[in-house]
Amino acid sequence: MEYLYEFLDRESKKWEIAIQKMRTQILKKNDGSIFCRSVNGKIVPYRKMRMVKDGVTIIRTKSLRAESPETVQEQINRQHLRRQMPKYERNLRRLKKLLQDWEHPGELKKNQILTRSANKGWDPKAYGISAEFARRWSEEQVTVFEAGQIVRVHGIVENGTVWHPEGLRHVTADGELRRSKSEVILDEILKSTGLVYAYERPLYIGGKRYLPDYTILRPSDLQPIFLEHYGMTGEGVTEHNEENQMYSYALRNEEKRLAYQRAGIVPWKNLIYTYDLPDGSVDVRGIRKVLELFLEL
């Protein structure tokens with residue numbers, strides 16, 4: 001997924017330049033720390049300076065009432081940068097580490113991935129998940145989610161009805177049916193990572209039934225993660241009904257997104273979105289990288 005690597009590389013360089021400028025701005029002048037007090041009903045900014053004189057630390061407080069608003073604002077901005085700088089630098093280090101691993105993956109990680117993808121597909125033992133737990137989780141019929149939490153006791157029984165079975169026309173290597181070629185590829189990616197997952201397991205939110213493309217068992221805390229793939233870029237859409245189908249697809253996805261949001265299912269917490277590329281192709285490396293980063297594989 002070269003275009004994503006190039007994008008992140010550009011962002012890394014831009015942040016490096018921006019952080020260097022921020023460092024220069026911070027070092028330009030030591031303003032101490034800025035705080036405010038209420039004086040006669042008015043908010044007055046003050047500067048607190050820590051100084052060392054004859055080996056003794058002295059703290060001096062000075063009113064900035066006589067300073068112009070622009071000067072005070074500039075000092076507040078520098079204070080904010082000083083406090084945020086460690087976070088910016090930490091994020092930049094993480095981004096550089098990601099790019100380094102992307103370009104030159106470590107041998108240990110390579111071997112782990114190869115072990116998980118060998119022979120029989122997913123292996124829950126690779127993540128310390130017992131085979132019995134994985135089997136029982138895989139056999140669950142539904143997921144019920146409310147207020148950001150999974151509901152274990154719910155009394156909902158599925159009747160086994162499959163939504164639009166005529167759309168299940170693509171076959172995976174294991175002989176399972178999927179709705180698109182992209183989902184066949186996603187299946188193979190998920191199997192190769194060693195994750196335990198379910199396809200179109202019904203998800204109930206406020207009593208309404210939704211069908212996430214995939215429900216994945218997160219190894220770190222055994223909580224469900226939902227994966228939605230946006231892939232309707234023309235496959236199976238005829239010229240006659242293209243506009244209606246694409247519009248219907250967009251409406252369904254927007255309705256699902258809002259329901260997820262209300263239930264506390266949000267991106268980069270417990271929801272992953274993946275996409276076809278603009279020309280309808282699928283980037284396996286990119287999707288795999290998203291899974292590895294999000295699920296800490």
Side-chain angles (χ1 to χ4, degrees), residues 1-9 11 91 94-95 97-129 133-134 137-138 143 145 150 170 172-174 176 178-201 203 211-231 233 253 256-257 260 265-277 280-297:
M1 192 167 160
E2 296 306 320
Y3 75 94
L4 182 52
Y5 178 90
E6 291 169 3
F7 168 75
L8 292 174
D9 190 42
E11 288 298 302
N91 286 339
R94 288 173 175 171
L95 183 53
K97 179 69 166 55
L98 166 62
L99 291 168
Q100 183 181 1
D101 289 347
W102 194 317
E103 195 170 15
H104 306 291
E107 288 303 315
L108 176 61
K109 193 155 191 175
K110 274 186 180 178
N111 293 335
Q112 288 174 335
I113 293 170
L114 289 173
T115 300
R116 292 171 189 168
S117 61
N119 300 325
K120 296 184 179 179
W122 62 264
D123 178 12
K125 293 178 184 176
Y127 299 107
I129 299 173
F133 183 89
W137 187 90
S138 299
T143 305
F145 219 82
I150 185 170
H170 300 278
T172 69
D174 292 340
E176 298 172 346
R178 298 294 180 257
R179 299 188 184 278
S180 68
K181 295 172 186 174
S182 298
E183 289 184 346
V184 171
I185 294 170
L186 271 169
D187 245 65
E188 297 307 313
I189 296 171
L190 289 168
K191 283 187 176 71
S192 73
T193 59
L195 293 164
V196 186
Y197 66 94
Y199 176 70
E200 287 195 350
R201 173 181 288 175
L203 166 64
L211 292 176
D213 291 337
Y214 292 92
T215 304
I216 304 169
L217 181 66
R218 182 160 55 193
S220 60
D221 57 7
L222 303 182
Q223 292 298 308
I225 301 298
F226 305 98
L227 187 152
E228 295 285 359
H229 184 76
Y230 282 69
T233 55
N253 282 327
K256 188 186 287 188
R257 185 189 70 79
Y260 283 4
I265 301 172
V266 294
W268 298 110
K269 177 186 175 187
N270 46 18
L271 175 62
I272 304 172
Y273 285 119
T274 57
Y275 302 84
D276 280 0
L277 298 182
S281 60
V282 176
D283 191 328
V284 172
R285 183 183 174 190
I287 293 174
R288 187 184 184 92
K289 201 70 183 178
V290 167
L291 290 171
E292 288 178 0
L293 289 170
F294 184 79
L295 297 168
E296 299 179 352
L297 303 184

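Numbering starts at 1 and runs along the sequence shown.
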Exercise for review: Might you work through the side chain to side chain contact (heavy atoms under 4.5 Å, CB included) test for L217 and L222, ending with a clear yes or no?
Suggested key: CA-CA 6 Å; L217 181 66; L222 303 182; 4.1 Å; yes
Exercise for review: Check the pair D276, H229 against side chain to side chain contact (heavy atoms under 4.5 Å, CB included), reporting the backbone distance first and the verdict last.
Suggested key: CA-CA 8 Å; D276 280 0; H229 184 76; 2.7 Å; yes
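- Here I216 contributes atom CD1 and Q223 contributes atom CD; the two are 14.0 Å apart, rounded to the nearest 0.5 Å.
- A donor-acceptor contact shorter than 3.5 Å links the side chain of Y214 to the backbone of E183.
- By the side-chain contact (heavy atoms from CB on, under 4.5 Å) test, Y273 pairs with E228, Y230, R257, P267, L271, Y275, sequence neighbours left out.
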Practice item. Could you please spell out the steps behind the side chain to side chain contact (heavy atoms under 4.5 Å, CB included) verdict for T274 and L186? Key: CA-CA 10 Å; T274 57; L186 271 169; 4.3 Å; yes
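- Here the closest heavy-atom approach between residue R218 and residue K269 is recorded as NH1-O, 3.1 Å.
- Applying the ring-ring contact (aromatic ring centres under 6.0 Å, His included) rule to F226 yields the partners F145; only residues at least two apart in sequence or on another chain are considered.
- The structure places OG1 of T193 at 6.5 Å from CZ of R288, a figure rounded to the nearest 0.5 Å.
- In terms of heavy-atom proximity, S182 sits nearest to V282 at OG-CG2, 3.4 Å.
- Between the side chains of T172 and D187, no donor-acceptor pair of N or O atoms lies under 3.5 Å.
- In this structure, P224 and N270 have side chains that are not in contact, with every pair of non-hydrogen atoms separated by 4.5 Å or more.
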